[in-house]
Protein chains: 2
Amino acid sequence: MGRKVIRSESTTKAQILDAAIRLFGNRSFDAVSIRDITSEAKANLGAVNYHFSSKLNLIREVLRTLATPINEARLTSLNAYETLLNGGRPDLETLIRILVEPFVRLSKDRSGPGIYYPRLMMLARALPGDLIGSYLSEQHDAMARQFVKAIGRALPNLDEEEIFWRYDFTIGSTLNIVGDAYRSYRLKRLSAGQCDTDDADRIIDELVAFVSAGMRGAAPARRKKPKMARATAAKNGERRTATRVHAKQAAE
Amino acid sequence: MGRKVIRSESTTKAQILDAAIRLFGNRSFDAVSIRDITSEAKANLGAVNYHFSSKLNLIREVLRTLATPINEARLTSLNAYETLLNGGRPDLETLIRILVEPFVRLSKDRSGPGIYYPRLMMLARALPGDLIGSYLSEQHDAMARQFVKAIGRALPNLDEEEIFWRYDFTIGSTLNIVGDAYRSYRLKRLSAGQCDTDDADRIIDELVAFVSAGMRGAAPARRKKPKMARATAAKNGERRTATRVHAKQAAE
DNA sequence: GACAAATTGATACATACGTTTGACTGTATC
DNA sequence: GATACAGTCAAACGTATGTATCAATTTGTC
């Protein structure tokens with residue numbers, strides 16, 4: 001390793017990643033073959049395995065490529081806001097906006113690869129096995145916990161568990177609305193065109209209004225838990241040898 | 001067709017459907033082969049194509065089998081509540097509970113096939129192409145519109161568009177939390193065990209509190225839409241010949 | 001019990017897949 | 001200009017897939 005190798009970071013690798021994002025985002029992981037990708041990227045069939053070692057690894061790289069900037073944007077904004085506050089109580093609407101805006105905006109920007117992120121995210125969530133990888137989970141969890149803490153400071157009357165529930169609801173709402181447009185237009189159809197699901201600003205405003213109000217709602221009365229006997233758990237003895245995306249749930 | 005054929009509705013067909021629900025729910029559509037299904041169902045390989053004509057059709061049948069009772073339960077409850085009201089203004093919390101409860105409860109009932117529904121639903125949403133089929137979309141849309149109408153009666157100050165947005169957020173929150181548990185336990189991990197995502201009653205209570213409060217929130221201020229020029233739309237010339245689940249987006 | 005239809009069963013087919021291999025090419029380093 | 005090596009390329013391997021075929025068997029009807 002005499003000197004740092006430049007060699008333009010092997011443009012083939014970048015082209016493959018680009019093509020993979022585009023194709024995976026338009027179809028799904030299983031529906032896109034390595035041949036599709038290398039053909040779209042004008043690369044050789046072997047290139048994927050050479051640069052990424054396997055398809056599963058390519059998928060992880062794709063997810064990482066898209067998820068990291070969003071989470072970083074969220075954290076950067078949150079940190080900036082908190083230093084600005086200088087210990088004061090944060091404004092809930094502002095927090096929600098910071099949480100929600102990067103995702104929505106990136107996913108509506110047709111000039112970048114962000115449009116593909118919602119579907120990939122939904123796929124990664126829907127498919128079994130640890131597709132995302134622990135690194136991304138930890139990255140997201142750290143970000144999430146910081147937001148939960150901040151929201152807790154904005155709503156001192158809610159205990160932390162409550163906020164965790166509502167954080168999850170927030171992510172669910174966001175993912176659902178953002179994954180809707182650009183192809184399916186479920187909500188637009190349902191509402192007979194009333195809801196313009198392409199308008200990023202509108203989506204953000206609606207999300208902020210709904211989620212903030214939801215967060216401020218009174219916590220539900222807690223019931224006693226009857227805590228019934230645990231049902232016999234696992235009864236799934238399924239194996240998979242194929243090289244499908246899902247095969248690896250090993251120890252779950 | 002001289003007389004009605006009984007023949008116990010060909011138990012093989014039912015066994016295949018059962019096995020398919022279980023296997024698809026534990027893995028995903030592409031990761032489960034017809035051979036996996038017929039083997040699990042103790043049926044012959046040809047049986048799937050005989051009874052369901054194709055794998056894609058089997059998938060649609062699976063989704064229909066699980067979705068229909070939930071939507072019907074929702075509508076039955078809603079109708080019962082509305083006749084009970086006899087024209088009076090409905091209670092928002094009650095409406096949300098009616099909307100949310102059947103799904104949550106079914107998906108937590110380990111004795112039935114409902115546990116598999118969330119993942120299948122998420123998969124069907126994440127995958128491209130009209131996987132669900134127009135019949136199911138229409139069934140769901142009719143149900144949704146009736147709820148939107150009812151919620152509009154409970155919140156006369158919100159216009160319908162607003163309610164449509166928030167209905168979508170509600171579904172997103174529900175789907176996200178219900179698809180979480182039974183395997184991944186994302187929220188339980190994130191909250192360090194604070195949130196018990198197996199407790200159906202708790203989930204329902206949290207959802208009702210959050211969503212009701214969100215629904216009651218003030219509508220966001222509407223901005224002027226700059227309405228910029230439409231970006232050149234389609235640039236996707238991708239074909240698929242394989243028999244993967246997704247292949248058919250024909251005219252999009 | 002005979003007939004026809006419905007269902008099951010074993011096998012074959014064609015193909016698409018992820019990955020591997022090994023030769024080849026360009027380029028940086030000395 | 002020789003050496004080393006990162007990258008590219010074409011071809012092949014082994015396997016898993018959905019579906020089709022057609023004979024065997026079961027079932028319902030008369």
Side-chain angles (χ1 to χ4, degrees), chain A residues 1-17 19-20 23-24 27-62 129 131 238-248, chain B residues 1-17 19-20 23-24 27-62 129 131 238-248:
Chain A
M1 228 174 270
R3 201 177 301 179
K4 186 73 180 166
V5 178
I6 311 295
R7 192 107 51 133
S8 77
E9 184 47 280
S10 176
T11 181
T12 306
K13 187 171 179 178
Q15 281 170 342
I16 288 177
L17 203 62
L23 294 178
F24 285 153
R27 307 221 269 280
S28 80
F29 302 126
D30 286 317
V32 173
S33 70
I34 288 190
R35 286 168 175 84
D36 292 332
I37 294 169
T38 51
S39 152
E40 170 95 359
K42 285 184 243 304
N44 185 270
L45 171 59
V48 163
N49 284 288
Y50 177 78
H51 287 289
F52 299 90
S53 82
S54 76
K55 185 182 182 183
L56 180 63
N57 227 280
L58 208 213
I59 293 175
R60 280 203 256 259
E61 209 68 51
V62 162
L131 195 56
E238 285 127 25
R239 66 270 155 287
R240 203 81 260 281
T241 61
T243 169
R244 283 285 133 79
V245 161
H246 329 287
K248 41 215 52 190
Chain B
M1 229 176 270
R3 201 177 301 178
K4 187 75 179 158
V5 178
I6 311 292
R7 189 110 50 137
S8 76
E9 185 46 280
S10 174
T11 182
T12 306
K13 187 171 179 179
Q15 280 170 343
I16 288 177
L17 203 62
L23 293 178
F24 286 152
R27 308 222 269 280
S28 79
F29 301 127
D30 285 316
V32 173
S33 69
I34 289 191
R35 285 167 176 82
D36 291 334
I37 295 170
T38 50
S39 150
E40 170 95 359
K42 284 184 246 302
N44 185 271
L45 173 58
V48 163
N49 284 288
Y50 177 78
H51 286 288
F52 299 91
S53 82
S54 77
K55 186 182 180 182
L56 181 63
N57 226 281
L58 208 212
I59 293 174
R60 280 204 255 260
E61 208 68 51
V62 162
L131 196 58
E238 285 128 24
R239 64 271 160 286
R240 204 81 259 282
T241 61
T243 170
R244 284 285 132 80
V245 161
H246 329 286
K248 43 213 54 190

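Proteins get letters first, then strands, A, B, ... in listed order; numbering begins at 1 in each. As a basis for the values below, the full set of heavy atoms in this structure was taken, side chains included, without hydrogen atoms, waters or symmetry mates. Computed from a predicted model, the values in this text were never measured in an experiment.
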Please name all residues satisfying side chain to side chain contact (heavy atoms under 4.5 Å, CB included) with [X], sequence neighbours left out, ordered by chain then number.
X	result
B:Ser53	B:Asn57
B:Leu45	B:Ile34, B:Arg35, B:Thr38
A:Tyr50	none

OP1, OP2 of [N] versus side-chain N and O of [X]: anything below 4.0 Å?
X	N	result
A:Ser54	C:dG18	no
B:Thr12	C:dT7	no
A:Ser33	C:dC17	yes
B:His51	C:dT8	yes

As a quick check of understanding, evaluate side-chain contact (heavy atoms from CB on, under 4.5 Å) for A:Phe52 and A:Arg60, giving each step before the final call.
CA-CA 10 Å; A:Phe52 299 90; A:Arg60 280 203 256 259; over 6 Å; no
Rounded to the nearest Å, what distance is computed from the [atom1] atom of residue [X] to the [atom2] atom of nucleotide [N]?
X	N	atom1	atom2	result
B:Asn49	C:dC13	CG	P	18 Å
B:Leu58	D:dT17	CG	P	15 Å
B:Ile34	C:dC13	CD1	P	19 Å
A:Ile37	C:dA16	CD1	C1'	14 Å
A:Phe52	C:dT19	CZ	C1'	16 Å
A:Lys13	D:dA6	NZ	P	13 Å
A:Lys55	C:dT20	NZ	C1'	17 Å
B:Tyr50	D:dC22	OH	P	17 Å

Determine whether the side chains of A:Asp36 and A:Ser39 contain a donor N or O and an acceptor N or O closer than 3.5 Å.
no
Where do N or O atoms of nucleotides 9-13 of chain D meet protein N or O atoms at under 3.5 Å, pair by pair?
unit_1	atom_1	unit_2	atom_2	d
D:dA10	N7	A:Asn44	ND2	3.4

A:Phe24 side, atom CZ; A:Ile37 side, atom CD1 - distance, nearest 0.5 Å:
3.5 Å
Counting distance only, does the side-chain N/O of A:Lys42 pair as donor-acceptor with the main-chain N or O of A:Gln15 below 3.5 Å?
no
